[in-house]
Each structure stands twice: as C-alpha cells, then as structure tokens.
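Here's the structure we're looking at; comments come further down.
Residue numbers begin at 1 in each chain, while the letters A, B, ... track the order of the sequences. No hydrogens, no waters, no symmetry mates; every other heavy atom, side chains included, goes into these values.
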Protein chains: 2
Amino acid sequence: MEPLTNRQRQILEWIRRETGINGRPPTRAEMATALGFRSVNAAEEHLRALARKGAIRLIPGSARGIQLMDGPPEDAGLWVVGRVAAGQPILAREHLTVRHSIDPRMFRPAADYLLTVVGESMRDAGLLDGDLLAVHKNPEAREGQIVVARLGDEVTVKRFSRRQGAIWLVPENPTYQPLIVRPGDDLVIEGVGVGVVRLEV
Amino acid sequence: MEPLTNRQRQILEWIRRETGINGRPPTRAEMATALGFRSVNAAEEHLRALARKGAIRLIPGSARGIQLMDGPPEDAGLWVVGRVAAGQPILAREHLTVRHSIDPRMFRPAADYLLTVVGESMRDAGLLDGDLLAVHKNPEAREGQIVVARLGDEVTVKRFSRRQGAIWLVPENPTYQPLIVRPGDDLVIEGVGVGVVRLEV
DNA sequence: CCTTGTACTGTATATATATACAGTATGGAA
DNA sequence: TTCCATACTGTATATATATACAGTACAAGG
C-alpha cells in the first residue's frame with residue numbers, strides 16, 4: 001500500500017471512526033460538512049486518492065459506497081500464538097491456534113498476538129499458568145519490562161533487566177533462578193508484554 | 001421491545017449479516033432483490049414494522065439509514081462498571097466508565113461487565129490492583145468461585161465458601177482476614193468472576 | 001362482522017448522493 | 001522550468017434511494 005499523506009491519514013481515521021459510530025460510511029456531503037470542506041468535490045478527491053493507494057475501496061454509483069480495506073479495529077481480534085514456557089523453557093514451535101475478539105488497540109502499545117503462559121515462574125507478577133499474555137512485537141526492551149525472549153529454540157517470558165554488563169531474564173517467583181544471558185548467546189527479544197487475559201478464574 | 005414475527009426476525013437477521021459483510025446497511029432495492037420481493041415497498045414496510053417494534057432505527061431521508069438497535073454480539077464489547085474494593089471494601093457506587101472491545105462470549109459463561117479491582121487482597125489468585133475482573137451476573141455462587149459480593153453498600157471481590165453453616169468471603173492473601181457473613185447480614189451475590197483483563201504489565 | 005396487522009405487488013416522485021468538469025494555489029520531482 | 005500530485009472552491013447533473021399512494025390476500029381478535 002502506497003504511503004498516505006498526513007491529511008489523508010487524518011481523513012481515513014475520521015471515516016473509520018464515523019463508520020464505527022453510525023454503522024455506515026459517510027456521504028461526500030457529510031464528509032465536507034464534518035471536515036470543513038466548502039466543496040463536496042474535496043471529499044470526492046480524497047476518497048479517490050485513498051482508493052488509489054489501497055486504503056479503501058469505492059463502489060461506483062452506490063450511496064455510501066466506501067469499504068475500509070482493513071476492517072475496523074474493534075473486530076480485528078487477536079490470535080493465540082503457540083505456547084510459551086514461563087517456567088523452565090519448554091516449547092518453541094509457533095503456530096496460530098484460536099482467535100479471540102479483543103481489540104488489539106485496547107493495550108498501550110497495541111498488542112500483536114496472545115501467548116499462552118506455561119508454568120509458575122512469573123506467578124508474583126500475576127501471570128499464572130494458562131494466562132494469555134498480550135504481546136507487542138518489538139526487538140528491544142527497556143529495564144523492568146516483561147519480555148517474550150527467544151534463547152536459541154526456546155521461548156520464555158521473564159522480566160528484562162541489565163545488570164553488570166549482561167542481560168538478566170528475571171523470574172517473579174523465589175523458587176526460580178534468573179537466566180543470565182552471556183555475550184554470544186543468541187538472545188532475541190520477540191516482544192514486550194502489554195497486558196494479560198485470563199479466561200478462567 | 002415488542003415481539004417480532006418469524007419473517008421479521010428472519011429479515012432482521014439478514015440485515016445484520018449483510019451490514020456486517022458490506023460494512024453498511026442495505027437499500028430497499030437491495031433488500032427486495034436479495035429477499036425475493038418484487039416490490040421495494042415490501043422492504044419499506046418490513047423496515048417500518050421493525051422500527052415500530054424497536055429492533056432498528058430509521059434515519060428519514062437518508063441513504064442506507066438503518067441503525068441496528070442491538071449491535072452484533074461480536075462487537076458488543078464490555079463496560080467497566082465502577083471500581084470494586086478487593087482489599088478492605090472501599091467503594092460502592094456503580095457507574096459505567098469505559099467500554100472495551102472484548103467479546104463477552106469469550107468467557108464461559110459469558111461476561112456481562114468488567115470491574116476494576118482495588119487492593120491486594122486477591123493477589124495470590126493473580127488478581128492485582130487495577131485488574132479488570134470479567135463478571136457474569138448471577139445471584140448465586142458455588143463453593144470456591146470468585147464472587148462479586150455486596151455487603152450493605154459496599155462491593156468486594158472474594159472467594160466464596162460455606163463453612164460451619166455460614167458464608168465465608170475468603171481473600172487470597174495471608175495478610176487479609178476472611179469476611180464471615182452472619183445470618184441477617186444483607187449479603188447479595190452480584191456475580192461470579194469468569195476472567196481477568198490486565199491492561200498494564 | 002368489522003377492524004387491525006402482516007405480507008406482499010405495482011407505480012410514481014422528490015431528493016439524497018455520486019460524480020463529472022472547470023478552476024486556483026502550493027510544493028516536490030524531473 | 002515544466003510537470004505532476006495534493007488540496008481545495010464552485011457549479012452542474014444523472015441516478016440511486018427513500019418513500020408516498022393505490023391495491024390484493026390472509027389471519028387473528030374483539
């Protein structure tokens with residue numbers, strides 16, 4: 001998709017919001033009124049530009065014929081990706097399993113997927129066995145963040161910390177030991193935790 | 001809402017489906033074509049009937065001016081209702097605050113609202129301060145369930161238990177004491193916890 | 001029996017709406 | 001410099017769309 005200008009992004013966001021609120025896309029006249037155009041043609045040309053760049057689809061000759069190319073964020077949903085060892089690292093294979101209807105943008109920053117937590121190593125951070133960790137994909141982490149880290153083939157959820165020039169992956173359970181990552185170990189930060197969803201209480 | 005006839009329910013369902021697929025409500029002509037009417041007025045009169053019975057709202061003089069009164073269950077979302085004391089009972093007032101786009105039917109049984117947990121009394125059950133407890137409205141509870149209970153004016157989240165002929169509201173934190181409900185105290189079970197959503201990690 | 005509501009057909013029309021065409025001004029790329 | 005895209009104003013028009021009005025048939029309720 002071609003990049004949008006600031007104004008175009010602004011207008012696309014407005015259309016998205018308006019469509020969500022009213023349950024139907026706006027007309028050119030409604031756009032002009034709301035966005036401050038004195039000519040309906042300004043709206044028409046913005047729609048053409050957005051359609052040309054692939055952000056929307058226009059249905060010719062049809063009232064309110066605006067289709068948003070990426071569905072409204074409300075029903076985008078999140079996938080549960082594999083299972084993650086939060087105790088002794090156990091599993092590594094990544095594969096989509098179930099999709100849940102949760103707005104990814106409810107979390108800050110927005111979540112990209114959900115990971116099932118396995119084990120009790122993050123218990124004192126309120127992360128229990130079976131919990132779904134909402135993860136924001138990011139190759140870097142800041143001090144104290146809960147991260148999804150990959151060490152070789154294995155994936156683990158821990159608190160990220162830098163101590164004595166090394167990276168520590170610290171559990172939140174006194175019966176577990178911190179993982180100290182030595183330079184040369186192939187550590188990959190997959191993302192940072194941005195939220196938790198528990199389906200059983 | 002007045003009861004719908006079979007045909008009206010059928011047509012309402014079609015409108016709902018169509019609106020979801022196309023991102024906008026149908027026109028009278030589209031309805032006639034799809035539903036097999038040879039007159040657009042059949043569609044018009046069905047819409048009038050649905051509007052009169054409160055199932056939809058019609059926007060006069062507007063193209064595709066059909067508003068579904070109850071949104072499709074997928075994007076119904078959940079409201080955060082007030083704040084609940086999970087430590088010493090603190091707050092009682094119930095009022096809607098924010099709405100989150102979470103499928104209520106993700107939980108078993110389906111959630112009716114979200115409650116913000118206040119305090120640390122349920123810490124060892126993985127319920128931290130600020131967590132959103134997904135609650136299924138229910139006036140009864142079974143042994144061991146996490147309940148939202150109202151004692152007089154105050155609302156609290158605890159584990160439900162029957163011991164020695166009385167009801168115990170048991171915290172999950174050794175520094176807190178169980179609440180023993182004596183016969184005569186006006187205890188109301190507001191609902192049972194069916195899940196947790198945490199927006200910060 | 002009469003009335004009311006449902007469930008349609010068939011025709012007609014005002015207007016809501018998309019959309020073309022003619023301009024103006026600006027800024028970036030070739 | 002020229003060309004093109006952006007970002008608009010302003011006018012005009014074909015048609016998509018809502019909606020009124022006139023019927024028909026049937027079933028239920030008072």
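Taking a 4.0 Å limit (strictly below) on heavy-atom distances, residues 40-49 of chain B reaches DNA chain D at V40(B), N41(B), E44(B), R48(B). Using a 4.0 Å cutoff on non-hydrogen atoms, the parts of residues 26-36 of chain A near DNA chain C are T27(A), R28(A), ordered by number.
Between F37(A) atom CZ and dT6(D) atom P there is a gap of 14 Å when expressed in whole angstrom units. The distance between atom CZ of R52(B) and atom C1' of dT4(C), rounded to the nearest whole Å, is 10 Å. Between the P atom of dT17(D) and the CD1 atom of I66(B) lies a distance of 12 Å, rounded to the nearest Å.
Between H100(B) and D103(A) there is no side-chain heavy-atom pair separated by less than 4.5 Å. Taking the side chain as every heavy atom from C-beta outward, E18(B) and M31(B) never approach each other to under 4.5 Å. The shortest side-chain heavy-atom distance between I102(B) and M106(A) falls under the 4.5 Å cut-off.
Between S62(B) and dT17(C) there is a side-chain polar atom (N or O) within less than 4.0 angstrom of OP1 or OP2. Here R64(B) reaches the OP1 or OP2 of dT17(D): one of its side-chain N or O atoms lies under 4.0 Å away. A sub-4.0 Å separation between OP1 or OP2 of dG23(C) and a side-chain N or O of R38(A) is absent. Contact check, K53(B) against dT6(C): a side-chain N or O comes under 4.0 Å of OP1 or OP2. Proximity of T5(B) to the phosphate of dA7(C): a side-chain N or O atom is located under 4.0 Å from OP1 or OP2.
Mapping G61(B) and N6(B) onto DNA chain C via the closest heavy atom, the residue that lands nearer the 5' end is N6(B). For Q8(B) and R24(A), each mapped to the nucleotide of DNA chain C holding its nearest heavy atom, the one lying further toward the 5' end belongs to Q8(B).
Judged as a side chain to side chain contact (heavy atoms under 4.5 Å, CB included), and not counting sequence neighbours, the contacts of R162(B) are E143(B), F160(B), I167(B).
A donor-acceptor pair is defined here as one N or O able to donate and one able to accept, closer than 3.5 Å; no such pair exists between the side chain of N22(A) and the backbone of R24(A).
One finds a salt bridge joining R48(A) and E44(A) here, because a Lys/Arg side-chain nitrogen approaches an Asp/Glu carboxylate oxygen to under 4.0 Å.
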Decide side-chain contact (heavy atoms from CB on, under 4.5 Å) for R7(B) and Q10(B); before the verdict, give the C-alpha distance in whole Å, the side-chain angles of both, and the deciding distance to 0.1 Å. CA-CA 5 Å; R7(B) 187 71 175 132; Q10(B) 218 176 81; 2.5 Å; yes

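Among V196(A), L115(A), L199(A), the single residue meeting the side-chain contact (heavy atoms from CB on, under 4.5 Å) criterion with L132(A) is L199(A).
Residue-environment remark: CZ (R108(A)) stays at or below the threshold of 12 foreign heavy atoms within 6.0 Å.
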